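Naming: A, B, ... by sequence-line order, numbering from 1 per chain. Note that the coordinates shown come from a computational prediction; the quantities given were computed from them, not determined experimentally.
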Amino acid sequence: METFLPGPLLRPAAWVQVLVDAPARERTYTYRLADGMTAAGGDVVCVPFGSQLVGGIVLGCLDQLPTGLDPGRLKTVESVVGTGLFAPGFWPLLVRVADYYLVPLARVIETALPPGILSRARRRVRLVADAAPMAQWGLSAAAKSAFDFLRSQAHADFSWRFCVQRLSGGASSLRELQARRLIESYYVFGETARPRTQQFVVLAGANADLCGRSAAVVQCLRRLGGEVSVAQLLAEARTTRALLQKLHAGGHVRIYERQILRLAAPTATADRPKPLTDAQKRVLDRLQGAAPSPVLLEGVTGSGKTEVYLQAIAPVLDRGESALVLVPEIGLTPQLTDRFAARFGARVRVYHSALSEGERFDCWRQMLTGEAQVVIGTRSAVFAPLPKLGLIVLDEEHDGSYKQDRPAPCYHARTVALWRGELAGCPVLLGSATPDLESFDCATAGRYLHLEMPERVAGRPLPAVEVVDMREELNRGNFSPFSATLQRAVAEMHGAGRQGILFINRRGYSTFVLCRNCGEALRCPHCAVSLTYHRLEAGDYLRCHYCNHGAPQPRACPHCTSPNLRYFGAGTQRIAAQLGEQFPTLRVLRFDRDTTARKDAHRQILEQFGRGEADVLVGTQMLTKGLDLPQVTLVGILAADGLLNLPDFRAGERAFQLLTQVAGRAGRGSEPGRVILQTYAPEHPVVEAASIHDFRRYAAAELTQRQALGYPPFVQLVALQLSAAEQESVVEAAEALARRLDGSADFEGRLLGPAPCTVERVAGRYRWQLLIKNPNGEAGRASLRALLAQFVPCAGVTVAVDVDPLRLL
DNA sequence: TCCTCTGAAACC
DNA sequence: GTTTCAGAGGAT
């Protein structure tokens, strides 16, 4: 890790470390600063890189050269193109993330910045006004004609790209002209993103003389009101762009560009603060008076946490400060975003990684200028550059999607949010009905302010949970996934015209397909898992839920050619189908990753359900994330066992959260709710605690066990995952790394493994894992950082470091 | 022995 | 992204 100078300097720094906008982003480069030039971390600069000039971000200043770098090879920063890309106090946050998660700062910046910030630093070319006349002597023919072309233009300023494409000799001519000081090249930082436009068509002329397709298209346009977007007309009139162009040329219609708002602030009907319950009032009072420390708000499902967030944010905005609201997944909570927009109007922005590059860029700038005062976003929005941050809210703070586990840095948005609050001096409000045990431990130990809302709003009771022993169902000869109790409950619910939710832990139709002749299961060719069977309109399909590999369902077993294939296990598709068979009048909707893949599909399905166009929603974990559906009275959990028995020390905690959250979807309206929890292990402590809504008892038991076994939150875990295409190289590298850790005098942590990951092969790569228990905090991470910096794995092996891993797979 | 092609590595 | 470099293979 590079060390950068802290604070302001007496003497301006001579060198800067730069993250360049080139494909080779793994490394950073050192540049000299020209005399009188100053730069700070976060500035956008233009630097020579190889033969070209590229944009880059200054990571930090150096007052001495890194060892082993030949001063003769150093180049000088061309210009400082932009400053103030980050809110005050933002840079130390990024440095802290890099330090803690053992990743290069460059990686953190890439994660934090909206993509394309650097590519928006555009290279331009201009004619030098007072160029020496003799500079043209002896130019190559291509360069001469290029120069003449540039001079013949009305203006003297061009984009580099235009020049390369348009001029004879392209880039080499430009370099030649630049060397002669006939032109100069410079960079501009994209101050304003181009406004987005859309093509519109409007009727023009009488159009009496048209016939055939033309007449039909004009007729359609007239029906649509005479003026629509080109895209809409193309779709509605089922016509082609060519025909529209012909009509345009003939003067029958006019096509023009209209500016559209890329960041239309979510609009909704205005909403006023709701009257508060006593518990909500107490919480808000404590929040106002509290010092800026983290707050854990433990409020049961349906206790009105959202209203607390809204009313806690209002005074922050009144003070002219901004608020950041983090949610696990933006698509899953359209109701929440709508409510924020309704309450705070145009000051609200939504920021997440599914936005387009342009949308993220625009939103980023609006945050910096203070135009956006409330930002609702997912994990990556924890880096939103809001100045004057007055409050950070993390809704459903226990949710695992706050942890990034794919590309480094594997940061946890909750951890980063807490640091942000500390650096900005603002409170961080963590809300959940089932707090993460680490947060809960901090709260009970007094490190966080612990506030509670133990009752639902309007005196509504928590739903009664009936545990059904599925072993007895089997004994009675019921082989269906629905117990007799659940069947009766569904019939009753349907009869009363109410709605229900069925939770199943798997999507697809069957979880695996087995040959009854040879006993082989159909497996993914790239991963060490079986394929899931999906029924699609286009035909039956097998899909790998790890790498998304897909194949048509074979008619016969690929191992022994027997046609005797059998489908095991039930996913959402099969449950929905069986439910339909059993209750023919029941209207069933599916809510899982397959049915919500389309943009805005979450909202559509939820709205459809909300309008009462379906009676039952069958879905996966997606159902657990904060849905507020007041008409739902019945919740069925088909098999709790799949959750309880995962090979992970957090399996119990996650199962408890999931069961409590699904159960919490019932009885949120005026009618009381009812939950039916089916399991083969009714005596399991997680099932028992969840069935009586007793988070405290479960948490206490689980924490005692964690302490005894030396697991988080009592010990820090660091997972090192190695992967490669060949099994031998991963094993070899993993063992080499383990020897290195064991043999090191500095390293005091405990090493578990190396061992293959639970699913050893994914997408054609073998994965092995080392787990480190680090009881020494920062000191332990520091020695690990040093060890990892020295460790060079054999060719083709990549090492991923995950500090505080959430899933041990 | 020199030249050309090609893929990989470096670019501060 | 461009440029450079090293090694293979081929022509002289």
Side-chain angles (χ1 to χ4, degrees), chain A residues 1-5 12-35 37-81 98 104-107 109-110 113 115-125 140 142-143 146 158-179 183-190 357 724-726 729 789 792-798:
Chain A
M1 195 72 231
E2 310 89 347
T3 47
F4 300 125
L5 296 182
W15 299 283
V16 283
Q17 198 76 18
V18 177
L19 169 69
V20 297
D21 184 24
R25 287 196 191 178
E26 291 298 308
R27 294 187 48 208
T28 62
Y29 297 86
T30 311
Y31 288 87
R32 206 194 312 274
L33 281 173
D35 284 341
M37 188 185 271
T38 54
D43 287 354
V44 178
V45 289
C46 171
V47 289
F49 187 69
S51 63
Q52 46 184 355
L53 281 174
V54 297
I57 288 190
V58 176
L59 297 184
C61 299
L62 305 165
D63 68 348
Q64 64 183 60
L65 273 183
T67 47
L69 185 61
D70 173 13
R73 282 167 60 195
L74 281 187
K75 291 183 184 171
T76 306
V77 172
E78 183 85 6
S79 57
V80 178
V81 176
L105 181 57
R107 278 294 179 78
I109 292 171
E110 273 174 43
L113 282 181
I117 267 261
L118 285 176
S119 53
R120 269 159 211 284
R122 299 223 182 274
R123 191 175 183 185
R124 297 190 63 83
V125 165
S140 72
F158 315 89
S159 80
W160 177 266
R161 217 167 141 196
F162 167 81
C163 295
V164 169
Q165 281 168 359
R166 221 21 222 284
L167 299 183
S168 55
S172 61
S173 290
L174 285 170
R175 272 193 293 278
E176 202 179 329
L177 296 174
Q178 211 180 339
I183 60 166
E184 57 194 4
S185 117
Y186 65 104
Y187 262 73
V188 285
F189 178 62
E357 223 176 76
E726 279 87 43
S729 28
V792 184
C794 35
V797 180
T798 54

Results of side-chain contact (heavy atoms from CB on, under 4.5 Å) for A:Ala725 - residues two or more places apart only: none
task: Round to a whole Å and report the spacing from CZ of A:Arg32 to P of B:dC12.
output: 12 Å
query: What is the distance, rounded to the nearest whole Å, between atom CG of A:Leu74 and atom C1' of B:dA10?
result: 16 Å
- prompt: Which heavy atom of A:Val20 sits nearest a heavy atom of A:Phe49, and at what distance?
  reply: CG2-CE1, 3.8 Å
With the criterion being N/O to N/O and under 3.5 Å, what pairs connect the protein with nucleotides 3-6 of chain C, and how long is each?
| residue | atom | partner | partner atom | Å |
| --- | --- | --- | --- | --- |
| C:dT3 | OP1 | A:Arg175 | NH2 | 3.2 |

message: Please determine whether a side-chain nitrogen or oxygen atom of A:Arg27 lies at a distance below 4.0 Å from atom OP1 or OP2 of B:dC12.
response: no
message: Looking at every heavy atom in both A:Leu62 and A:Gln17, which two are closest together, and how far apart are they?
response: CD1-OE1, 3.1 Å
task: Could you state the atom-to-atom distance from NZ of A:Lys75 to C1' of B:dC11 in whole Å?
output: 7 Å
Heavy-atom check, side chain of A:Pro66 versus side chain of A:Thr30, under 4.5 Å: yes
query: Rounded to whole angstroms, how far apart are CD on A:Gln17 and P on B:dC11?
result: 14 Å
Check: A:Leu65 and A:Leu74 side chains under 4.5 Å, non-hydrogen atoms: yes
statement: note: A:Leu69, atom CG; B:dC12, atom C1'; distance rounded to Å ~ 6 Å
query: More than 12 foreign heavy atoms under 6.0 Å from CG of A:Asp35: is that the case here?
result: no
Exercise: identify the closest heavy-atom pair between A:Val80 and A:Thr38: CG2-O, 3.7 Å
Whole-Å gap separating C1' (B:dA10) and CG (A:Asp70): 15 Å
List, with names and distances, any nitrogen or oxygen atoms from the protein found under 3.5 Å away from nitrogen or oxygen atoms belonging to nucleotides 5-8 of chain B.
none

Under 3.5 Å: donor-acceptor pair, side chain of A:Tyr31, backbone of A:Pro48: yes
For atom CG of A:Leu59 and atom P of B:dC12, their distance in whole Å: 17 Å
query: Roughly, in whole Å, what's the span from CZ in A:Phe49 to P in B:dA9?
result: 15 Å
task: Could you check A:Asp43, A:Val18, A:Leu113, A:Val45 and say which one makes a side chain to side chain contact (heavy atoms under 4.5 Å, CB included) with A:Ile57?
output: A:Leu113
